[in-house]
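The structure appears right after this line, and notes come after that.
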Amino acid sequence: MKTIENLSAFITGANGGLGLETSQLLAQRGVGRLVLGARTLEKAVMAKNEVQNKINSSGSIETAGGFDMNKPEDIERAVASLPLGQPFDVVFFQVGGVFFAKDYQHINYQGQEIE
């Protein structure tokens with residue numbers, strides 16, 4: 001049976017807004033493994049430090065950088081760098097998810113193409 005102590009969670013945008021608040025809440029509740037993702041590794045480390053300074057967590061807090069939604073190549077590298085064989089039970093996209101593919105659906109709005 002899954003309990004909060006043996007859950008693994010990945011949060012993007014963990015350095016601000018809902019991502020940071022969600023990270024703090026999960027750490028406070030005792031999530032077993034928490035991976036904080038941000039546009040850069042430096043921002044992810046800053047988020048980790050902020051979470052650790054506010055919350056006394058017994059779980060593991062890791063960092064991951066390269067999750068810049070404007071740079072699909074960086075996202076691919078960042079995802080590929082996550083450890084294999086360590087699945088996540090929870091994945092939280094603070095500002096939304098994005099898929100980059102050749103056959104995506106889109107609309108045109110005021111001269112802009114939106115997925």
Side-chain angles (χ1 to χ4, degrees):
M1 182 171 90
K2 287 279 185 183
T3 63
I4 190 84
E5 294 84 13
N6 61 18
L7 284 180
S8 178
F10 177 67
I11 312 294
T12 66
N15 59 305
L18 290 174
L20 182 59
E21 293 297 322
T22 301
S23 299
Q24 290 173 353
L25 180 63
L26 288 173
Q28 184 178 35
R29 298 261 173 107
V31 70
R33 177 177 176 235
L34 182 59
V35 179
L36 307 180
R39 287 180 191 234
T40 66
L41 183 56
E42 294 78 18
K43 288 182 178 185
V45 169
M46 287 178 8
K48 177 181 177 180
N49 292 337
E50 187 168 344
V51 170
Q52 287 178 323
N53 287 337
K54 287 187 176 182
I55 307 298
N56 183 15
S57 174
S58 59
S60 166
I61 301 178
E62 303 168 30
T63 57
F67 292 90
D68 186 339
M69 293 299 166
N70 295 315
K71 299 179 181 175
E73 304 83 20
D74 288 358
I75 296 171
E76 287 179 21
R77 279 191 294 274
V79 170
S81 73
L82 295 172
L84 294 175
Q86 296 182 22
F88 295 106
D89 300 296
V90 176
V91 176
F92 180 82
F93 294 107
Q94 176 187 330
V95 293
V98 62
F99 290 91
F100 296 95
K102 292 179 175 72
D103 60 348
Y104 67 91
Q105 295 180 351
H106 67 275
I107 62 169
N108 286 305
Y109 177 73
Q110 294 184 346
Q112 298 228 337
E113 193 172 87
I114 303 170
E115 289 184 69

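Hydrogens, waters and symmetry mates play no part in the numbers below; they use all other heavy atoms, side chains included.
Criterion: ILVMFWY side-chain heavy atoms under 4.5 Å apart, direct or through other members. Under it, Leu25 and Val31 are not part of a common hydrophobic cluster. A single hydrophobic cluster is not seen to contain both Val35 and Leu20; linkage of ILVMFWY side chains at heavy-atom distances under 4.5 Å, directly or through other members, places them apart. Under a hydrophobic clustering in which Ile, Leu, Val, Met, Phe, Trp and Tyr are joined whenever their side-chain heavy atoms come within less than 4.5 Å, directly or via other members, Phe92 and Leu26 fall into the same cluster. Cluster membership for Leu18 and Ile61, using ILVMFWY side-chain heavy atoms within less than 4.5 angstrom, is shared.
Between the Asn6 side chain and the Thr3 main chain, a donor and an acceptor come within less than 3.5 Å of each other. A donor-acceptor contact shorter than 3.5 Å is absent between the side chain of Asp68 and the backbone of Arg39. In this structure, Thr22 contributes its side chain and Gly19 its backbone to no donor-acceptor pair below 3.5 Å.
Residues Leu82 and Phe88 are in side-chain contact: their nearest non-hydrogen atoms beyond the backbone lie under 4.5 Å apart. Counting only heavy atoms from C-beta outward, the side chains of Thr63 and Leu41 approach each other to under 4.5 Å. Using a 4.5 Å cut-off on side-chain heavy atoms (C-beta onward), Ile11 and Gln94 make no contact.
Contact between Ala44 and Ala38 at its shortest, heavy atoms only, is N-CB, 3.6 Å. In terms of heavy-atom proximity, Phe93 sits nearest to Thr12 at CA-OG1, 3.2 Å. The shortest heavy-atom contact between Val51 and Gln24 is CG2-CG, 3.8 Å. The heavy-atom pair separating Leu34 from Ser23 by the smallest distance is CD2-O, 3.5 Å. Contact between Ala47 and Leu36 at its shortest, heavy atoms only, is C-CD1, 3.9 Å. Residues Ala27 and Ile55 share a closest heavy-atom pair of C-CG2, 3.6 Å.
Separating the CG atom in Asp74 from the OG1 atom in Thr40 is a distance of 10.5 Å, to the nearest 0.5 Å.
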